[in-house]
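Here's the structure we're looking at; comments come further down.
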2 protein chains.
Amino acid sequence: MVRNRATLKDVARRAGVSYQTVSKLLNRQIRLSEETERRIWKAIEELGYTPHYNARSLRAQRSFTIGYSWPPSPPDETNPILDQFLQSMFVAAEARGYFLLMFPYHYQVDKQLAAYAELIDAGRVDGFILSSVEYNDPRIRYLQDRKFPFVAFGRSNPDWRFPCIDVDGGRGLYDVTQHLITLGHRRIAVLAWPEESRVGNNRLEGYLTALSEVGIPVDHALILRGEGRLDFGYHATHHLLSLPLPQRPTAVVALNDYMAIGAMQAAQERGLRVGEDLAISGFDDIPLARYLTPPLTSIRQPIWEIGQQVIQHLIDIIETGVPPEPRCLLVPPTLIVRASTAPNAKASALSNSPSAKEVVNR
Amino acid sequence: MVRNRATLKDVARRAGVSYQTVSKLLNRQIRLSEETERRIWKAIEELGYTPHYNARSLRAQRSFTIGYSWPPSPPDETNPILDQFLQSMFVAAEARGYFLLMFPYHYQVDKQLAAYAELIDAGRVDGFILSSVEYNDPRIRYLQDRKFPFVAFGRSNPDWRFPCIDVDGGRGLYDVTQHLITLGHRRIAVLAWPEESRVGNNRLEGYLTALSEVGIPVDHALILRGEGRLDFGYHATHHLLSLPLPQRPTAVVALNDYMAIGAMQAAQERGLRVGEDLAISGFDDIPLARYLTPPLTSIRQPIWEIGQQVIQHLIDIIETGVPPEPRCLLVPPTLIVRASTAPNAKASALSNSPSAKEVVNR
DNA sequence: AACGTTCGTGCGAACGTTCGCATTCATTGT
DNA sequence: ACAATGAATGCGAACGTTCGCACGAACGTT
């Protein structure tokens, strides 16, 4: 291992100043004569000097590091936003001189909190990003208790005040439901998540609002709850399609794309043409959605933007010491209309190939 | 921010010893009288002492941190193994007291190397994990030059010597090709990657070996190369299916699941029953594979195991200073046989629902 | 009785920064 | 002409560890 590090002292010696002067120049805490400054920069250049991270952090009591941990996805699912979210966060962090530190996610609460505590006590991180936030999330309670900086991607209890950013899933569901209503649908089923799911409830609200706005009564037989897997979408849709005709839905809104795909399979097995005989929509806009037969209408979350915001916000809190406004920032998702909710047979047939053109709302 | 850190000196004072003694006890560099040791542990416990990371690293000139960066997946694809690979790596790292540091991937070579150089010079990492390694990878050259520890997930130039672990993609393709031959197929097409693709070439070899072993001549019209996208699989398969009957393939082996899905769509559009009229297989075994209609035969990479190995190996190199054996370790993937390569019509029809049972080879 | 050995513990220094205050020197106002 | 100002730089200390060596006591050996 080649360890030829140049230190501040080396630079200073070569530039003929004291090493503290160099430090201050680098931290912009001082104004030097043009001449001296040039000499110092030259020396830095020539020696290829890079400040030593641990020394700086030790003295400054700051780590320029942000901790992040997330629950692994189950073996039969892919996390559709992970890659983009992470990439967006590094880029935002790098721009301000920070890096991300990753650590394992523990489901056991005490182990989980111990992991956060250790990183804090060891001075390894200046703040955390939380995701997959649920009701009564113990991490939020803990970090608030310790007054340690964090920003959450996702909301928690409505009466808690903490810095967070979330996709307005309710808005997404409102948009797609309204879209279906405009197409003439009146009996719209929804494949939802369990009642404990905070994200699920937020989304469901948008559906209910859209219905009530135009005076369509809510039919609770059309709201089915499950674990968000493809199987559930498949079986639930079979169930819906075997309801007596007057109650049978003409459209199915799924809270994620996997359930929507299951729904499509069920419909196709029964000989229904998706988009014409039964409209189906998803959520997440996974890459595959546009390639399905027919292409799936879905809702795209502005993940890149969220990664940027979440990091900027956290660094602001770290560097100013004060959360500017601990309210939750909601960003709207985008409805992507494709053939699975086509207005009529013709549109559906035309867009049956992978190169189908898409309609993006907003 | 509550900053009530206890330091070594606090612990030492309370236990009535010098702080260096406490340090040595924690690092197991010393044997103490039972009595003293108990007092020290008690003090540590009572004060909730956690060693300060930056101080330790500064003195020890080690960061207990591993750097990792990977190319973001294009917007119309999901990285099917990212989540599991990362999770596996943190768990392995944590077990040995390390964490992972993530940083953005730059496509421009000089920027890319600058990122690696800065992390090294700043003393932020003790080693790197590389992935998406290609021929003549500049990162490998650079790190070897600097004699800085790293382990690659993936091979590079055959004549380069560096520590690496890779999935034996050739073996995977050998297995699936042989499987198809056993089912009676003789004209087996392959949807491959561009010639510059190292991974693609490794895999293709297995296909060629399997054919030559049973004396089937290679038909170059059946080897189509493209970018690994769904569209390519779709169009290539349409092309294959319009070949004159004697040259037309009865099976299509795709180098990833997305191309396989495209192939399935093309076949179905032409009214062919996948698994009966045309066998199709993929690679990666994405979660969706088992839910397709029919379920897709694919090849599963032992990602968890690779994450573990890659980290263990790197930490061994870091801690001993010597790469034990710079050869590439190849781990075999697993062939998952499903209905898309069913031996006959009956099997195919039976396994047409999401709950179809799977056959796992090896 | 004198002499190594081992055990348990302590001490001073160093890792490479940043921070606060002190110092030098030229410039300015009166 | 002299104190007061300000600009440019230097100095010592501190951050919390780990490392190498030294030291005294207890013990068995010659």
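Worth saying up front: this structure is predicted, and the values here are computed from it rather than measured. Letters A, B, ... are given to chains in the order of the sequence lines, protein chains preceding strands, and every chain is numbered from 1.
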Under-3.5 Å N/O pairs linking protein and nucleotides 20-23 of chain D:
unit_1: D/dG20; atom_1: O6; unit_2: B/Lys24; atom_2: NZ; d: 2.4

Contact class for [X] (heavy atom, under 4.0 Å): base, sugar-phosphate, or nothing?
X       : result
B/Thr36 : sugar-phosphate
A/Tyr49 : sugar-phosphate
A/Ser23 : base
A/Ser33 : sugar-phosphate

Does atom CD of B/Glu118 have more than 12 heavy-atom neighbours from other groups under 6.0 Å away?
no

Between P on D/dG10 and CG on A/Leu8, what's the gap in Å once rounded to a whole number?
13 Å

Applying salt bridge (charged side-chain N to carboxylate O under 4.0 Å, His left out) to A/Asp137 and not counting sequence neighbours gives A/Arg139

Heavy atoms within less than 4.0 Å of DNA chain D: which residues of residues 11-18 of chain A have one? Give them sorted by number.
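Here the set is A/Val17, A/Ser18.
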
For DNA chain D, what is the dot-bracket line, given that a base pair needs Watson-Crick (N1 to N3, plus N6-O4 or O6-N4) or G-U wobble (N1-O2 and O6-N3) geometry with both distances under 3.5 Å, and | means paired with another strand?
||||||||||||||||||||||||||||||

The criterion is side chain to side chain contact (heavy atoms under 4.5 Å, CB included); which residues satisfy it with [X], sequence neighbours excluded?
X        : answer
B/Ala117 : B/Asp121, B/Tyr142, B/Arg146
A/Asp159 : A/Asn157
B/Arg59  : none

Geometric cation-pi criterion A/Arg56 and A/Phe64, 6.0 Å radius, 45° cone
yes

Strictly by ring pair (Phe, Tyr, Trp, His ring centres under 6.0 Å), give each pair with a member in residues 106-127 of chain B just once, sequence neighbours left out.
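Listed once each, the pairs are B/Phe103-B/Tyr116, B/Tyr105-B/Tyr107, B/Tyr116-B/Phe128.
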
Residue closer to the 5' end of DNA chain C, B/Arg39 versus A/Asn27 (nearest nucleotide):
B/Arg39

When you list every nucleotide of DNA chain C with an atom under 4.0 Å from a heavy atom of chain B, which one comes first 5' to 3', and which comes last?
C/dG8 to C/dG16

Under a 3.5 Å distance rule, please check whether A/Asp126 uses its side chain to pair with a backbone N or O of A/Ser63 as donor and acceptor.
yes

Would you please name every residue forming a side chain to side chain donor-acceptor pair (under 3.5 Å) with B/Ser69, sequence neighbours left out?
none

Closest contact, heavy atoms only, A/Ala55 versus B/Leu58
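Reported closest heavy-atom pair: CB-CD1, 3.8 Å.
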
Among residues two or more places apart or on two chains, list those pairs meeting salt bridge (Lys or Arg N to Asp or Glu O under 4.0 Å) that have a residue in residues 90-102 of chain B.
B/Arg96-B/Asp316, B/Arg96-B/Glu319

Sequence neighbours excluded and cut-off under 3.5 Å, please list the side-chain donor-acceptor pairs for residues 34-42 of chain B, or say none.
unit_1: B/Glu35; atom_1: OE1; unit_2: B/Arg38; atom_2: NH2; d: 3.3
unit_1: B/Glu35; atom_1: OE2; unit_2: B/Arg39; atom_2: NH1; d: 3.3
unit_1: B/Thr36; atom_1: OG1; unit_2: B/Ser33; atom_2: OG; d: 2.5
unit_1: B/Glu37; atom_1: OE2; unit_2: B/Trp41; atom_2: NE1; d: 3.4
unit_1: B/Arg39; atom_1: NE; unit_2: B/Ala15; atom_2: O; d: 2.9
unit_1: B/Arg39; atom_1: NH2; unit_2: B/Ala15; atom_2: O; d: 3.0

